[in-house]
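Data first, discussion second: the structure below is written as structure tokens.
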Amino acid sequence: MTDCIPSDPKLWNTVRAYLAAKNTVIEKGYADEIDWQDSLSFETCTEQVFLREMAWVILSSGMRESVVRRKFPDISVAFFGWDSSEAIVRSKNECREKALRHFNHKGKIDAVLTIAQLVRDSGFESFRLRIETGGAQFLSRLPFLGPATSLHLAKNLGFQVAKPDRHLVRIAKAAGYPSPEQMCSDISSIVCDRVPVVDLVLWRYATLTTDYLNIFPTGGLNSFEADDCGLCWL
């Protein structure tokens with residue numbers, strides 16, 4: 001299957017680095033996280049899924065993922081397990097008070113409540129249709145969701161997009177790409193991992209390895225052998 005090897009040296013090097021990163025992520029015990037990302041589809045997005053992922057992305061903005069992960073179960077309890085926007089809005093003062101005990105950022109907690117109100121007022125099916133047609137552009141108009149965080153949420157809802165967070169931006173620059181989206185798309189076209197999976201692998205690798213940029217030097221990776229990166233299938 002050598003015809004699958006990219007003719008572009010930059011892409012070839014990036015693909016080899018990606019597969020090396022993926023091997024590390026799996027060896028570190030994050031295979032389930034990859035499987036979760038690969039299983040997502042907006043077609044199966046429910047109100048509960050939207051509320052949970054919306055809150056996760058908003059709370060994670062500008063914070064370490066490990067901190068939010070530790071606090072999120074208690075925050076979820078405060079919001080009735082994301083059961084429905086109706087339940088949240090009906091008891092919004094109670095939700096706000098309990099959530100702030102675990103996550104003292106009034107702006108983010110209020111943004112979660114405001115979006116829950118929007119979902120309740122429009123009805124989830126109508127709100128879902130607006131997401132389906134507008135994608136990340138529609139999401140970016142919601143409180144506390146900007147250009148990058150809206151893509152993060154879209155990715156977690158099952159859209160085939162990559163998010164331009166600081167790790168992905170740095171990796172793309174090191175690999176000689178103008179954007180994370182282009183880099184993830186090019187890798188996806190060769191290895192057949194979906195774009196969000198490529199995004200997740202690279203992001204998780206960056207959180208696990210302090211010198212993660214070292215395997216993404218522009219035009220580099222000459223020290224890698226194909227078998228080292230899991231490319232024996234090419």
Side-chain angles (χ1 to χ4, degrees), residues 25 28-30 32-37 39-40 42 44-128 130-131 136 138-159 161 163-168 196 199-200 203-208 210:
V25 170
K28 293 291 186 178
Y30 290 91
D32 288 348
E33 194 172 72
I34 295 173
D35 291 341
W36 168 79
Q37 183 69 72
S39 71
L40 298 181
F42 188 68
T44 59
C45 179
T46 63
E47 180 174 356
Q48 292 77 16
V49 168
F50 171 76
L51 292 171
R52 183 186 69 237
E53 296 305 326
M54 170 271 292
W56 173 267
V57 168
I58 288 176
L59 299 181
S60 297
S61 175
M63 295 195 67
R64 293 178 62 88
E65 179 257 358
S66 58
V67 173
V68 179
R69 188 170 297 279
R70 186 173 68 251
K71 294 174 176 288
F72 201 70
D74 288 329
I75 296 168
S76 295
V77 171
F79 284 99
F80 302 108
W82 313 112
D83 182 60
S84 72
S85 57
E86 176 63 37
I88 293 170
V89 172
R90 188 170 57 243
S91 303
K92 62 181 179 181
N93 291 334
E94 177 187 347
C95 291
R96 186 176 190 273
E97 180 182 351
K98 289 182 177 179
L100 286 173
R101 293 175 191 169
H102 305 288
F103 196 92
N104 191 24
H105 192 302
K106 294 179 181 178
K108 290 184 176 183
I109 296 301
D110 286 345
V112 172
L113 288 168
T114 297
I115 295 173
Q117 179 89 49
L118 292 172
V119 173
R120 198 285 302 267
D121 290 349
S122 67
F124 179 67
E125 287 308 313
S126 175
F127 196 84
R128 187 184 185 283
R130 295 171 73 182
I131 300 172
F138 168 72
L139 295 172
S140 69
R141 299 199 295 269
L142 299 176
F144 242 97
L145 289 173
T149 48
S150 61
L151 285 166
H152 185 182
L153 178 54
K155 180 180 78 73
N156 283 13
L157 296 179
F159 286 84
V161 295
K163 65 184 188 305
D165 71 7
R166 59 190 178 91
H167 293 313
L168 270 293
D199 172 305
L200 175 69
W203 170 80
R204 178 53 73 187
Y205 179 75
T207 69
L208 295 172
T210 56

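Side-chain N or O atoms of Arg128 include one that pairs as donor or acceptor with a backbone N or O of Cys45 at under 3.5 Å. A donor-acceptor pair under 3.5 Å links the side-chain atoms of Lys108 to the main chain of Ser61, judged by distance alone. Between the side chain of Ser91 and the backbone N or O of Ile88 there is no donor-acceptor pair closer than 3.5 Å. When atom types are taken as modelled, the side chain of Thr149 and the backbone of His152 share no donor-acceptor pair closer than 3.5 angstrom.
The distance from the CG atom of Leu113 to the NZ atom of Lys92 is 8.0 Å, given to the nearest 0.5 Å. A distance of 9.0 Å separates CG in Asn104 from NZ in Lys71, rounded to the nearest 0.5 Å. From Leu200, atom CG reaches atom CH2 of Trp36 across 7.5 Å, with rounding to the nearest 0.5 Å. Interatomic distance, Arg96 CZ to Asp110 CG, rounded to the nearest 0.5 Å: 4.0 Å. With rounding to the nearest 0.5 angstrom, the CG atom of Asn156 is 11.0 Å from the CG atom of Leu151.
Residue Thr114 comes nearest to Pro143 through the heavy atom pair CG2-CG, 3.8 Å, listed as atom of the first residue, atom of the second, then distance. Ser85 and Glu47 get closest at one heavy-atom pair: OG-OE2, 2.6 Å. Heavy atoms only, all atoms of each residue included: Val25 and Arg204 are closest at CG1-CG, 3.8 Å. Closest approach of Asp165 to Leu168, counting heavy atoms only: OD1-N, 2.8 Å. Residues Ser150 and Leu139 approach most closely at O-CD1, 3.8 Å, considering heavy atoms. Considering every non-hydrogen atom in both Cys95 and Phe80, the closest pair reads SG-CE1, 3.4 Å.
The closest side-chain heavy-atom distance from Phe50 to Ile115 is below 4.5 Å. For the pair Met63/Phe103, a side-chain contact is recorded, criterion being any heavy-atom separation below 4.5 Å from C-beta on. Counting heavy atoms from C-beta on, the side chains of Ile109 and Leu59 come closer than 4.5 Å. Contact annotation: the side chain of Leu145 approaches that of Ile58 to within less than 4.5 Å [non-hydrogen atoms, C-beta and beyond]. The closest side-chain heavy-atom distance from Ile75 to Lys98 is not below 4.5 Å. Using a 4.5 Å heavy-atom cutoff, the side chains of Asp199 and Lys163 are in contact. Looking only at side-chain heavy atoms (C-beta outward), Trp203 and Arg166 stay at 4.5 Å or farther from each other. With a 4.5 Å cut-off on side-chain heavy atoms, Val112 and Trp82 count as touching.
Because its NZ or CZ atom is not both nearer than 6.0 Å to the ring centre of Phe79 and within 45° of the ring axis, Arg52 does not count as a cation-pi partner of that residue.
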Test side chain to side chain contact (heavy atoms under 4.5 Å, CB included) on His167 and Tyr205 and set out the steps.
-> CA-CA 9 Å; His167 293 313; Tyr205 179 75; over 6 Å; no
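The residues Glu33 and Lys28 are annotated as not salt-bridged, no charged nitrogen and carboxylate oxygen being separated by less than 4.0 angstrom.
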Can I get a per-line list of side-chain donor-acceptor pairs under 3.5 Å for residues 119-127, giving both atom names and the distance, sequence neighbours left out?
residue : atom : partner : partner atom : Å
Asp121  : OD1  : Gln117  : NE2          : 3.2
Asp121  : OD2  : Gln117  : NE2          : 3.4
Ser122  : OG   : Leu118  : O            : 3.0

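No side-chain N or O of Arg69 forms a donor-acceptor pair with one of Ser66 less than 3.5 Å apart.
Taking a 6.0 Å sphere around CZ of Arg64, one finds it holds 12 or fewer heavy atoms contributed by other residues, nucleotides or ligands.
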